[in-house]
Amino acid sequence: MARWLLHVDLDQFQAAVEFRRHPELRGLPVIVGGHGDPAEPRKVVTCASYPARGFGVRAGMPLRSAQRKCPDGVFLPLDMAAYEDASDEVMALLRTFPGRVEVWGWDEAFLAADTDDPEALAQQVRDAIAGLELTCSIGIGDNKLTAKLATGFAKSAGKSSAEPAADVGAAAGVFRLTAANWTEVMAHRPTNALWGIGNRIAARLAELGIGTVGELMTADRHRLAAEFGPNTGPYLWVLGHGKGDTDVTTEPRIPIGRSKSETFPHDLTDPGEIRAQVARLATEVAEEMAAAGRIGTRVSVTVRTNTFFTRSKQEKLPEPTIDVARIAETALRIIERFDLDRPVRLLGVRLELLPR
């Protein structure tokens, strides 16, 4: 039997969890974010149901903007505990299937399985998740890159003529992308369609005359290495050929740092208040990591002004520690190095951690 990678991606996850609790909201434009009040300043959408997306509402959009686009939208507060519980249900369910499961977040995971019929397995997974009153899309691939990209086609299959036809690899909520159909499906697409290539890299590739995945496939590897470096250049060429990681790690990822940031309802201008907020954030981060048994090595502070100018400064701790007071004092020393000549919109503190 062949080894397949299935990328399981839950659909409109936060909204779907709300539908389980409030079935009367199904089919309505539901918008999750903040405290559920679109008048609340500086809060953003974390999830929009598919009907809300039809009005142009997207994750990351300010709630006020979402209300202007969708005045009849149903706004709900973010409920982290409920989403974590629902995610745990799904991941526990995935682990009942033969294979190895690597969790990538609340709403997505990879399942590596040996099977002669990956589509049948994918449908079994979808049916099982439907039993939890949730839905998912599944990408089937020969590595993580192809499986992840296939999920995007699984979500949009049949919705647009720009997407691959069903006989290329699509079924309802499932899509297969492998070396066998890579060129047919991907060659004509822009390079930023690849998982791992953002707009900035795509722009640099375009300057080299490389605008599509097909052109990246035929690009000179030495030229890419000269432009992007000896590691990134060849890696981009590999991405263009649809090659990727096949390892699935079942162990939970151990974080190498912990951050906490806050966008304030009103800009901060008083230096004393700014210092107090930095001390609070640093204390919260340090206390969380102390409770988790982690040790800090470096502290960084981020400041974003009302002009959206963002800058971070950092300081290495004299020795690894989880002394909360010392970490807060370090954060306060760092904030003194900023020229706070503009109103402050956001503050953040990050604690780098000693590897386990």
Side-chain angles (χ1 to χ4, degrees), residues 13-14 32-35 40-47 59-63 77-81 83-84 87 102-108 196 198 200 249 251-268 271 273-340 342-356:
F13 175 59
Q14 294 173 19
V32 180
H35 296 95
E40 188 176 10
R42 298 180 178 175
K43 297 297 182 181
V44 300
V45 176
T46 57
C47 181
M61 175 183 293
L63 289 180
L78 191 65
D79 188 341
M80 303 281 282
Y83 310 143
E84 288 172 359
S87 177
E102 181 175 340
V103 178
W104 270 57
W106 274 348
D107 58 352
E108 64 176 319
R200 196 178 312 178
T249 303
E251 294 296 322
R253 294 188 176 191
I254 299 175
I256 60 173
R258 177 74 170 96
S259 302
K260 188 176 285 286
S261 63
E262 184 168 336
T263 300
F264 300 99
H266 304 286
D267 295 334
L268 304 184
E273 185 177 6
I274 293 171
R275 285 174 52 85
Q277 294 294 346
V278 168
R280 175 181 63 81
L281 291 168
T283 298
E284 290 177 0
V285 169
E287 288 178 344
E288 286 182 17
M289 292 300 95
R294 302 301 301 274
I295 298 173
T297 60
R298 187 185 301 270
V299 179
S300 63
V301 175
T302 298
V303 174
R304 178 173 298 157
T305 68
N306 63 342
T307 61
F308 285 86
F309 177 77
T310 305
R311 190 167 186 180
S312 297
K313 296 179 185 290
Q314 61 182 0
E315 181 177 321
K316 185 177 180 180
L317 293 164
E319 58 187 20
T321 184
I322 200 55
D323 185 294
V324 174
R326 184 178 298 180
I327 290 169
E329 290 168 2
T330 302
L332 288 172
R333 280 200 304 274
I334 296 172
I335 196 64
E336 294 296 333
R337 292 158 48 191
F338 284 86
D339 294 325
L340 300 174
R342 295 180 183 274
V344 172
R345 173 186 177 88
L346 173 146
L347 290 169
V349 174
R350 177 175 176 82
L351 181 63
E352 300 291 339
L353 302 169
L354 195 68
R356 281 185 169 176

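Here the structure is a predicted model, which is why all the values come from computation and not from measurement. When a residue number appears, it is its place in the shown sequence, counting from 1.
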Item checked: Nearest-0.5 Å distance that lies between atom CG in L346 and atom OG1 in T263 -> 4.0 Å
Check: Going by the angle between their ring planes, with limits at 30° and 60°, are W106 and Y83 parallel, tilted or perpendicular?
Finding: perpendicular
Next item on the list: Taking the side chain as every heavy atom from C-beta outward, state whether V45 and L63 have any pair of such atoms under 4.5 Å apart.
Entry: yes
Note to self: Less than 4.0 angstrom from a charged side-chain N to a carboxylate O is my criterion; do E352 and R350 meet it?
What the structure shows: yes
Next item on the list: To the nearest 0.5 Å, tell me how far R337 CZ sits from Q314 CD.
Entry: 8.0 Å
Check: Of R342, R42, R304, R345, which meets salt bridge (charged side-chain N to carboxylate O under 4.0 Å, His left out) against D267?
Finding: R42
Notebook entry, point to check: How long is the span from the CG atom in L347 to the OG1 atom in T302, to the nearest 0.5 Å?
Noted result: 9.0 Å
Note to self: Nearest 0.5 angstrom please: I295 CD1 to L353 CG, how far?
What the structure shows: 9.5 Å
Check: Any salt bridge between R294 and E288, counting N to O under 4.0 Å?
Finding: no
Margin query: Whether E287 and K260 form a salt bridge (side-chain N of Lys/Arg under 4.0 Å from carboxylate O of Asp/Glu) is what I want to check.
Written below: no
Check: Atom CD of Q14 and atom CG of D79: how far apart are they, to the nearest 0.5 Å?
Finding: 9.5 Å
Next item on the list: Measure the spacing between CG of L268 and CG of L340 and express it to the nearest 0.5 Å.
Entry: 10.0 Å
Checklist line | Minimum-distance pair of heavy atoms, taken over all atoms of A279 and A328 | finding: O-CB, 4.4 Å
Notebook entry, point to check: What's the shortest heavy-atom distance between C47 and F13, and which atoms?
Noted result: SG-N, 4.2 Å
Checklist line | Test item: V303 and V278 side chains (from C-beta on) under 4.5 Å apart, heavy atoms | finding: no
Margin query: Could you check whether any side-chain heavy atom of L351 comes within less than 4.5 Å of a side-chain heavy atom of I322, counting everything from C-beta outward?
Written below: yes
Check: Got a salt bridge between E329 and R333, using NZ or NE/NH1/NH2 to carboxylate O under 4.0 Å?
Finding: no
Checklist line | Minimal non-hydrogen separation, A282 against A331, with atom names | finding: CB-CB, 3.7 Å
Notebook entry, point to check: Does a side-chain heavy-atom distance below 4.5 Å link I327 with T283?
Noted result: no
Next item on the list: For K313 and I334, work out which heavy atoms get closest and say how close.
Entry: O-CG2, 3.5 Å
